[in-house]
Amino acid sequence: MKKHARVWLQLTNCAFMSYTTNRLDTFSYFIGKTVRFGFFALMIFSIFRFTDNISGYGKYEALLFFLTFNLIDSLSQALFRGVYVFKPDVQRGQLDYLLPKPVNTLFYILSRLTDMLDIIFSLLLIVLTMLVIQRLPITWGGVEMGWYTVLIILGLLIIIGIHILTVAITIRTEESDSIIWLYRRGLYLGSFPPEIFNSTGQFLFTYILPIFVIVAFPVKALLGLLDWQNILAALGLTILWLGGAILFWKSSLKKYSSASS
Amino acid sequence: MILLLYFLWVTLAKQTGRFAGFTPEEIATYVLLVNILRAFVFGNQTRLMASDINKGTFSVNLVKPFSSVSYYYFHELAERVIGTLAAIAETLVLTYLLKINWVIPNGYTVWIYFTLATILAQLIYFSFSTLLNYLAFWSREAMGPRFLFEWILEFASGAYFPLTILMGGVFFSILYKLPFIYMIYHPIMIFLQKGPGSDMPVVVYGGIIWLVILIILNRIMFNFGIKRYTSEGI
């Protein structure tokens with residue numbers, strides 16, 4: 001654990017150096033992320049000029065869905081961005097050089113590129129989320145906040161599973177990393193309450209591609225709208241996605257031929 | 001994204017019968033048309049020119065017997081045609097699965113103005129995009145500004161929501177004066193024949209004026225930029 005923390009810190013340090021070298025790009029990307037966030041927030045505030053609820057959720061509840069989506073997306077972008085630069089390693093056979101390193105290969109692949117901008121952005125989002133939570137028209141306690149945190153962690157574990165799945169599929173096909181883009185685009189569906197979708201959509205994005213488990217379940221737990229059966233379902237889906245992805249990774253690694261090295 | 005936008009806006013329109021002046025059918029048509037126009041107007045290959053300038057491979061186009069701008073335009077157009085056909089197919093599938101009723105305009109005049117506004121939208125976007133790509137003459141860091149530009153453009157053009165929902169606010173009055181609005185919002189408003197932007201000749205003339213301004217800016221920037229071009233990396 002300590003060794004991996006040291007490796008991560010070193011990799012993060014390298015990423016930081018890269019960001020400080022490309023200052024114009026770094027500044028523009030950060031402003032770009034802020035603009036994207038600001039426009040979506042403006043959209044939500046504008047919606048509430050015409051109505052007082054979205055599928056029964058008030059302004060601050062809708063904002064909480066949006067902020068939780070952003071927080072989870074930013075955290076996963078910040079920590080697991082390495083998956084986006086993995087495909088060339090397989091195509092050029094450079095995975096050979098990663099496998100013998102004295103560090104968990106999967107950990108190295110996922111975390112070798114830390115996105116400093118998303119780390120900063122995540123901190124801002126945590127502050128904004130706390131401000132919005134304080135304005136919710138409900139009373140919540142430590143239990144609700146505890147479940148909110150636990151379910152966010154479960155959501156991040158499912159996201160790790162999706163990233164591992166992407167890595168494993170890339171090893172098998174040597175070209176496809178499109179599943180990560182399917183996930184990235186799909187996660188946007190969680191930025192609003194799931195009740196806006198029809199029942200088929202809700203089922204599909206809860207149990208097949210668990211977007212609502214990742215984003216909506218933590219919010220619903222905080223709002224006191226999630227029953228224990230759904231909490232158990234979240235736990236089961238996390239085990240299924242993460243465990244299944246690790247097994248698939250192990251099986252895919254056996255297929256790696258290093259053909260082009 | 002199309003699924004999110006469709007369900008969000010249609011849910012809101014059904015909740016109140018009419019949302020920000022749009023009926024459920026109108027807002028559904030808006031979302032589906034955005035899906036098609038995005039593919040035709042925005043495309044995916046727009047960073048190629050900046051990348052070529054940075055790598056030095058831009059030189060290859062300079063010695064060819066046609067303008068580099070037209071090369072990139074037709075290169076992108078080919079990709080856009082494929083993307084648009086895919087978007088049309090996707091939209092038709094969604095229309096069938098979700099049983100969506102489109103609002104179809106009456107009269108050929110609307111169709112002519114809609115076509116003109118869409119072609120102008122694509123040319124305005126390309127001119128803007130080229131302007132951003134020319135930044136690569138001065139800096140190797142042209143991708144960050146492009147990322148920023150693309151997000152501003154996506155929202156300010158109305159690709160996520162009908163800008164009418166901002167009406168009455170300070171943002172709407174600012175956005176209404178910018179050229180981004182000609183890329184998605186105005187063509188769709190012409191199609192739907194409603195709201196600000198449905199005055200068809202005014203929209204087309206406005207678009208032409210912006211296009212001329214952008215072409216002039218492009219010429220100026222290219223003439224300055226090419227003097228700094230070093231073909232580094234060749």
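Letters go in sequence order (proteins before strands), and every chain restarts at 1. When reading the values below, keep in mind they use all heavy atoms of this one structure, side chains included, and skip hydrogens, waters and symmetry mates.
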Derivation and outcome, side chain to side chain contact (heavy atoms under 4.5 Å, CB included), residues F155(B) and V35(A): CA-CA 9 Å; F155(B) 282 95; V35(A) 164; 5.6 Å; no

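- Here the CZ atom belonging to F39(A) is positioned 11.5 Å from the OH atom belonging to Y160(B), to the nearest 0.5 angstrom.
- Side chain of Q15(B) to backbone of N53(A): a donor-acceptor contact under 3.5 angstrom is found.
- The OH atom of Y29(A) lies 10.5 Å from the CG atom of L148(B); values are rounded to the nearest 0.5 Å.
- In this structure, chain B has a heavy atom under 4.5 Å from the side chain of F205(A), while its backbone stays farther away.
- With rounding to the nearest 0.5 Å, the separation of OG in S28(A) from CZ in F149(B) is 13.0 Å.
- Heavy atoms closer than 4.5 Å to chain B are found nowhere in T200(A), neither backbone nor side chain.
- Within a 6.0 Å sphere centred on CZ of R185(A), heavy atoms belonging to other residues, nucleotides or ligands number 12 at most.
- Contacts between residues 4-13 of chain B and chain A, counted as heavy-atom pairs separated by less than 4.5 Å, involve L4(B), F7(B), L8(B), W9(B), T11(B), L12(B).
- Taken from CE in M43(A) to CZ in F161(B), the straight-line distance is 7.0 Å, to the nearest 0.5 Å.
- Of the listed residues I152(B), I165(B), L98(B), L3(B), the one with more heavy-atom pairs under 4.5 angstrom with chain A than any other is I165(B).
- The residue among F27(A), F45(A), F50(A) with the most heavy atom pairs within less than 4.5 Å of chain B is F50(A).
- The shortest heavy-atom contact between K33(A) and F147(B) is N-CE2, 3.8 Å.
- Chosen from L42(A), I54(A), T34(A), the residue pairing most often with chain B at heavy-atom distances under 4.5 Å is L42(A).
- Contact of F30(A) with chain B is not made at all, since no heavy-atom distance falls under 4.5 Å.
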